[in-house]
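Down below is the structure, laid out as structure tokens.
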Amino acid sequence: MGLRSMIAASLKKAAQKAGYDIPENLAVELTEPKQKSHGDLSTNLALALASNLKKNPREIAHRLTQSLEPVEAVEKVELAGPGFINFTVSRSWYLSGLERLISAGGAYGRSTWGKNSRTQVEFVSANPTGPLTIGHGRQAVLGDTIARMLEATGHEVTREYYFNNAGRQMRVLARSVRLRYLELLGETVDFPEDHYQGQYIVDIARHIFEEKGDSLKDAENSDFFQESAESIIFDEIRKTLKRLNITFDVFYNEKSLYESGKIDEVLTLLKQKGYSYQKEGAVWLKTSEFGQDQDRVIVKSTGEPTYRLPDIAYHRDKLERGFDRIVDIFGADHVATYPDVLAGLTALGYDTDRIRVLIHQFVTLMEGGEVVKMSTRRANYVTLDELIDEAGVDVTRYFFLNRTSSSHLNFDLALAKKQSDENPVYYVQYAHARICSILKKARDQGFDSGGGADLSLLTGEEEMDLIKGLLEYPETVSRAARELAPHLISAFLEKTATLYHRFQHEGKVDPERRVLTENPSLAKARLALCGAARVVLANGLALLGIGAPERM
RNA sequence: GCCCCCGUAGCUCAGCUGGAAAGAGCAACUGCCUUCUAAGCAGUGGGCCGCAGGUUCGAGUCCUGCCGGGGGUACCA
């Protein structure tokens, strides 16, 4: 049991004893005060209760502290300010926490919260009509990191990429390739503006020409062009993702939903249950019965389904595959479409509580202070590969992770290049490299850095601050996983790096406080702390899919 | 018109279910390297938290209305 939950439980007991009811929806909150004089943990419980009970918060706080049974790890309980209760945690508790950190090593921060939960994370899901762009990059990195966080909290994760290879976009792609192919054969073609303009289309056409010569000159249908384009583009997409340390377990395509009859099944079921109807030659879903403002078309009068039908069928399939949790990561353009999908699933009788949708905002590409509208079709984009070439994998991942997904992301490529060596990711990596360096030096100079260090020798303020900071890691991981918020991890790592740099800097100021100090037991204890800091930084960076270099 | 996201330091952004004196990085300025990586540390300046009301003991955080940016609202995905 963590310290917070121990104190929270004890507070709840105290509240009962004092005759206060804690409402169901009110969790006992324990936060780290900004000021050290306010102790290590603080609760606003009395203030929170005050508004319900209509009583003086200080009075409530006083009675709570009176009824509070001692918690072993807590050294001091103080009433402060308008009614805060501040807890000072004992040194020994921190030291035993450090002990646990050291013995856990690479497993430190992992938890069993999602034990036995089969979880699917769907992300990227870009149709194979062109290279991945910076816009896709955000979702790719976000999704992969969320998958990593869920794995770290015990979930059994399947990473899945869904794509549509049955629609109009792909037909246009095939025609684009075919036209470029004909051009290569010397024909004069009129290349329509709404076709894919990118150079990669020409490259694919050339590839086909080299393989097939002019044998496809009079091909009746463009199936071959489509299949070739799809496979070539997908190879590229996979390569790009691989560069970012992202791999998928499943690529699921829309066509298979048609071929397996799952689309028709959904259509039939919806009709049977009375949630769909014919109007003006189209099939409509009664989304208005599920809180939507109007009904939506699922099959056009042309007989072609809208995107909603396969999306519903796909999600039904996810549920049927028995996932306990389904996380969908979508761009802001899906904000209005996923409620339709959930409505369809509800209509089919499924419990959609298992589905969690994370909507992230778009990347706005800036160039010289001006907004550039990206479009794959008009070949107006910066590819993810170009970004990785310029900035490197670590900077790219960090750049996309280090902000909340609900926030718009302004991206100035020129600035990204320029600032790449000033990126905070280097600050974190440097702390890790610095530790590795000092550990190596210790080995070279024959210091004992084995187990069994006497951690009670760690008494300096910077040492204690670092220890306290390190011990926040597991909780940070849990919270980040719960909230699907990777930026909490990067923020934590930056803070940890600061604490470490401060700690090691002490040795520059005062030789007595060097890690490799003359007192061997003290050096050993400090080396153990260095090792612990390294473990936390390395674990955190791994969680973000970012390298932890041993030297820089 | 209606719905969703955003508006916090010069720039990019944090700010945990409302809580104690608004934070970080970068940029600017000032100190600190014969010794564990100065890719660092310490410090200074810089904020009507978009605007106006409201709820509350207490609002950057919640509610309402505006303003500005983005996305949606389609028998496009």
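Order of the sequence lines sets the chain letters (A, B, ...), proteins ahead of strands, with each chain counted from 1.
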Residue-phosphate contact under 4.0 Å: [X] side-chain N/O, [N] OP1/OP2:
{"X": "A:T31", "N": "B:rC16", "value": "no"}
{"X": "A:Q292", "N": "B:rC3", "value": "no"}
{"X": "A:K300", "N": "B:rC76", "value": "yes"}
{"X": "A:Y430", "N": "B:rA38", "value": "yes"}
{"X": "A:Y338", "N": "B:rC3", "value": "no"}
{"X": "A:S437", "N": "B:rU37", "value": "yes"}

What integer number of Å spans the [atom1] atoms of [N] and [M]?
{"N": "B:rA59", "M": "B:rA22", "atom1": "P", "result": "12 Å"}
{"N": "B:rG7", "M": "B:rC11", "atom1": "P", "result": "14 Å"}
{"N": "B:rG46", "M": "B:rC62", "atom1": "C1'", "result": "30 Å"}
{"N": "B:rU55", "M": "B:rA24", "atom1": "C1'", "result": "32 Å"}
{"N": "B:rU8", "M": "B:rG50", "atom1": "C1'", "result": "10 Å"}
{"N": "B:rA21", "M": "B:rC66", "atom1": "C1'", "result": "32 Å"}
{"N": "B:rC36", "M": "B:rG40", "atom1": "C1'", "result": "13 Å"}
{"N": "B:rG45", "M": "B:rA52", "atom1": "C1'", "result": "31 Å"}

Using a 4.0 Å heavy-atom cut-off, does [X] contact any base of the nucleic acid, only the sugar-phosphate backbone, or nothing at all?
{"X": "A:N127", "answer": "sugar-phosphate"}
{"X": "A:R403", "answer": "sugar-phosphate"}
{"X": "A:H360", "answer": "nothing"}
{"X": "A:S407", "answer": "sugar-phosphate"}
{"X": "A:S406", "answer": "sugar-phosphate"}
{"X": "A:A282", "answer": "base"}
{"X": "A:A80", "answer": "base"}
{"X": "A:D333", "answer": "base"}
{"X": "A:L409", "answer": "sugar-phosphate"}
{"X": "A:A431", "answer": "nothing"}
{"X": "A:R502", "answer": "sugar-phosphate"}
{"X": "A:K495", "answer": "nothing"}
{"X": "A:N410", "answer": "sugar-phosphate"}
{"X": "A:R296", "answer": "sugar-phosphate"}

Charged N to carboxylate O below 4.0 Å: is that the case for [X] and [Y]?
{"X": "A:E475", "Y": "A:R479", "answer": "no"}
{"X": "A:E463", "Y": "A:R526", "answer": "yes"}
{"X": "A:E122", "Y": "A:K318", "answer": "yes"}
{"X": "A:R4", "Y": "A:E472", "answer": "yes"}

Indicate, yes or no, whether a donor-acceptor pair under 3.5 Å links the base of [N] to the side chain of [X].
{"X": "A:N402", "N": "B:rA24", "answer": "no"}
{"X": "A:Q35", "N": "B:rA21", "answer": "yes"}
{"X": "A:T306", "N": "B:rA77", "answer": "no"}
{"X": "A:E280", "N": "B:rC75", "answer": "yes"}
{"X": "A:H408", "N": "B:rC5", "answer": "yes"}

Of the options A:K468, A:R513, A:R502, which is the one that meets A:E462 in a salt bridge (Lys or Arg N to Asp or Glu O under 4.0 Å)? A:R513

Using the ring pair (Phe, Tyr, Trp, His ring centres under 6.0 Å) rule, collect all pairs that involve residues 458-480 of chain A, keeping only residues at least two apart or in two chains.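 The answer is A:Y473-A:F492.
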
Taking the side chain as everything from C-beta on, heavy atoms only, tell me whether A:K255 gets closer than 4.5 Å to A:M170. no

Proximal nucleotide (of [options]) relative to the [X] side chain:
{"X": "A:Y427", "options": "B:rG25, B:rG71, B:rC41", "answer": "B:rC41"}
{"X": "A:V297", "options": "B:rC75, B:rA77, B:rA20", "answer": "B:rC75"}
{"X": "A:E494", "options": "B:rC4, B:rA24, B:rC36", "answer": "B:rA24"}
{"X": "A:E483", "options": "B:rC16, B:rG72, B:rC5", "answer": "B:rC16"}
{"X": "A:T404", "options": "B:rA39, B:rA14, B:rU17", "answer": "B:rA14"}

Between the base of B:rA20 and the ring of A:H38 - centre-to-centre under 5.5 Å, planes within under 30° - is that a stack? yes

Could you check B:rC33 for me: syn (within 90° of 0) or anti? syn

Please convert RNA chain B into dot-bracket. A pair counts if it is Watson-Crick or G-U wobble with both distances under 3.5 Å; crossing pairs go in [ ] and bases paired with another strand get |. (((((((..((((.....[...)))).(((((.......))))).....(((((..]....))))))))))))....

Parallel, tilted or perpendicular: which one describes the rings of A:F330 and A:H315, with boundaries at 30° and 60°?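 Rings of A:F330 and A:H315: perpendicular, as their planes differ by over 60°.
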
Kindly compute the distance separating CZ (A:F400) from CG (A:L387), expressed to the nearest 0.5 Å. 5.5 Å

Are there over 12 heavy-atom neighbours, none belonging to A:Q294, within less than 6.0 Å of that residue's CD?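 Yes, enclosed.
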
